[in-house]
Amino acid sequence: MPDVSGSSDEEDEGLFSLDPEADGEARITGVVKGKHIVTPGELVTSDSTWMRGHGTYSVGTSTYSSVAGTITRVNKLLSVTPLRGRYVPEVGDHVIGRIIDVGTRSWHVDIGAKQAAVLMLGSVNLPGGVQRRKSESDELQMRVFLKEGDLLNAEVQAVFTDGAASLHTRSLSYGKLRNGYFFSIPSSLIIRSKIHTIELPGGVDLVMGVNGYLWLRKHTQQLGEQGVSITRLAEEAGWEIYSDENEYIAPSIRETIARYANAIKALEYGEVGVSEARVIAAYEASKEYKGVGDMVENDAKRRIAQQALVFIQ
Amino acid sequence: MSRPEIYSPEGLRIDGRRWNEVRHIKCAINTHPASSDGSSIIEQGNTKVMCNVVGPAEPTSSSGGGGAKSNTNSFANENKVTLSVKATVAPFSTIDRRKRSGNDSRIQEMCLTIQHIFEEAVMGHLQPRSQIVISLYILAQDGGMLQACINAASLALIDAGIPMYDYVCACTAGMHDTEVLLDLNRLEENDMPFLTMATLGATRKVSLMQLETRVGVDKLEPMMAAAMSGCHYLRQIMDAQVRKHGKNRLARVGA
């Protein structure tokens, strides 16, 4: 039988060291990411002292990988992080979702995860302030606030045992989205950071959902910037937060939005992780293409991704 | 000149292979990143299959179709994932071009077979109330359609990051008089009894064995042994491809 050339790769030869006595460094930092790739069915360790996390399974005392990815260990917990995969919600994630269903006292929201998330009527800010009580009439007019197809940004409030998420929009930075353009990239390409609403040069805001859903919109003054006192913010938030009407968006802004969108799609094409610095770098690199439409060529995408790669994160 | 010689006295087959050589294999993963969660293309000789995996996702009421989503979903299994397999045979996949109806019973049977294989291989209990749709596109047929479909689905599921116990690899083996031949092409398939075997990774666990023709029971064992070693060899090739892709990806995502 012929020999397989690919498997004789030198870097893959040595097994990732998982000797519990030899991890002096690991104990200090807590987390060590092995850049060694494991594939389904591969033996991770035959040492039974390790705890088995996500992406692994055990036969007897041995631990095997169940996905293709890299080994992550936190103290005694071993898990394998898949290279690709659906978005897995975590509490506190800033996500963008689309309403797929209006139920009784809750909305179902597609956030690109295994299951649809729920947004309870009690977890949204309704016109009239935070203190407002939700009445029966609110239950009846839920479709007035959010209906099927509406886009919103929200935070993951809780994750149920089966992996489904519950969302909330109880902050003025969350809520219905308008004045912009939606597109999605694989969630694995989003680099997590503290802030996921980014003000970009050119009068454009980017809302970068951790779930890989993105929203590019015309920069608008948030309520907090309009000189309303912070204590009255919630009261000022009236019906306009559920408005479906777009403001006037100048052609130049529209073009900038399209340019940013194509720049991010170029990063996706090159499988480059997306962060604020890289989006701006890709945007700058895209300026050598005069027409925004020229950026859809694969050659252009490759060049833009290459230039953005200079930024480590 | 009569019919082409299936197996020459010198030990060469029609396409110049020895008995234990598989056809040339080319495979790639993540070929359609925009339209699916996991995708793959595999070419085994002149047989070419493309696979797209969507999921695990919220089940739709018409399994996999773009049907309306309802709140009370009868398709959602509370305990494990729902798998559905669809296969499309391209009209240009054989020498004579003809339109194929969507409900060919042979294709449906193949889909069901593949579904059963992957229900065992995928760790379905980790994804309750969700659905995985495996779409197979048979672009060219030259024997070994089932094996190529299984291998393609296996790669696409791994690309989608779905937890599995191991690769599922499939290979065919036939019996020409007393000689075992590995990985048959279409001409050979039509001429001799053959079986398709799928194993779970490089183990001796058989997840599928399909034999549709009559063969002496004494000949079964050498065929099975050959098919199994073929499966193990395929795993090496597929694994090398997944690793190569993963290494490239790690270098670029960088975080």
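Chain letters run A, B, ... following the sequence lines, proteins first, then strands; residues in each count from 1. Please read all numbers here as calculations on a predicted model, not as lab measurements.
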Exercise. In terms of heavy-atom pairs under 4.5 Å with chain A, which of B/Val122, B/Asp37, B/Val242 leads?
Worked result: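 When all of B/Val122, B/Asp37, B/Val242 are compared, B/Asp37 has the most.
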
For this session: Go through B/Pro128, B/Ala57, B/Pro33, B/Ala34 and name the one with the most non-hydrogen pairs under 4.5 angstrom from chain A.
Result: B/Ala57

Under 3.5 Å, side-chain donor or acceptor atoms of residues 151-165 of chain B against the rest of the protein: list the pairs with distances, not counting sequence neighbours.
residue: B/Asn151; atom: OD1; partner: B/Ala170; partner atom: N; Å: 2.8
residue: B/Asn151; atom: ND2; partner: B/Gln44; partner atom: OE1; Å: 3.2
residue: B/Asn151; atom: ND2; partner: B/Gln147; partner atom: O; Å: 3.2
residue: B/Asn151; atom: ND2; partner: B/Ala170; partner atom: O; Å: 3.3
residue: B/Ser154; atom: OG; partner: B/Val168; partner atom: N; Å: 3.0
residue: B/Ser154; atom: OG; partner: B/Val168; partner atom: O; Å: 3.2
residue: B/Asp159; atom: OD1; partner: A/Arg84; partner atom: NE; Å: 3.0
residue: B/Asp159; atom: OD2; partner: B/Asn30; partner atom: N; Å: 3.1
residue: B/Asp159; atom: OD2; partner: B/Ser39; partner atom: N; Å: 3.0

For this session: In sequence, state the C-alpha distance, the side-chain angles, and the governing distance for A/Asp101 and B/Glu58, and then conclude on side chain to side chain contact (heavy atoms under 4.5 Å, CB included).
Result: CA-CA 12 Å; A/Asp101 193 26; B/Glu58 184 83 359; over 6 Å; no

Are more than 12 heavy atoms from other residues, nucleotides or ligands located less than 6.0 Å from atom [atom1] of [X]?
X        : atom1 : result
A/Lys265 : NZ    : yes
B/Lys26  : NZ    : no
B/Arg23  : CZ    : yes
A/Ile195 : CD1   : no
B/His176 : NE2   : yes
A/Glu139 : CD    : yes

Seminar exercise, completed: Bottom line for B/Arg235: the part with an atom under 4.5 Å from chain A's heavy atoms is side chain

Exercise. Where on A/Ala305 is there a heavy atom nearer than 4.5 Å to chain B: the side chain, the backbone, both, or neither?
Worked result: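 A/Ala305 has no heavy atom closer than 4.5 Å to chain B.
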
For this session: Counting only heavy atoms closer than 4.5 Å, note whether A/Ser184 contacts chain B via side chain, backbone, both or neither.
Result: neither

Problem set entry | Which atom of A/Asp162 lies closest to which atom of B/Arg129, heavy atoms considered | OD2-NH2, 2.8 Å

Problem set entry | Over all atoms of both residues, closest heavy-atom pair of B/Asp166 and A/Pro40 | OD1-O, 3.3 Å

Exercise. Between the side chains of A/Arg86 and B/Ser130, is a donor N or O closer than 3.5 angstrom to an acceptor N or O?
Worked result: no

Side-chain donor/acceptor pairs under 3.5 Å, residues 197-207 of chain B, sequence neighbours excluded:
residue: B/Thr199; atom: OG1; partner: B/Gly201; partner atom: O; Å: 3.1
residue: B/Thr203; atom: OG1; partner: B/Leu200; partner atom: O; Å: 2.5
residue: B/Thr203; atom: OG1; partner: B/Lys205; partner atom: N; Å: 3.2
residue: B/Ser207; atom: OG; partner: B/Ala198; partner atom: O; Å: 3.3

Less than 4.5 Å apart, side chain to side chain, heavy atoms only: is that true for [X] and [Y]?
X        : Y        : value
B/Tyr167 : A/Thr39  : yes
A/Leu189 : B/Arg249 : yes
B/Lys247 : A/His36  : no

For this session: Any chance you could lay out the side chain to side chain contact (heavy atoms under 4.5 Å, CB included) test for A/Glu42 and B/Arg243, step after step, and finish with the verdict?
Result: CA-CA 12 Å; A/Glu42 185 174 337; B/Arg243 279 173 200 279; 2.4 Å; yes

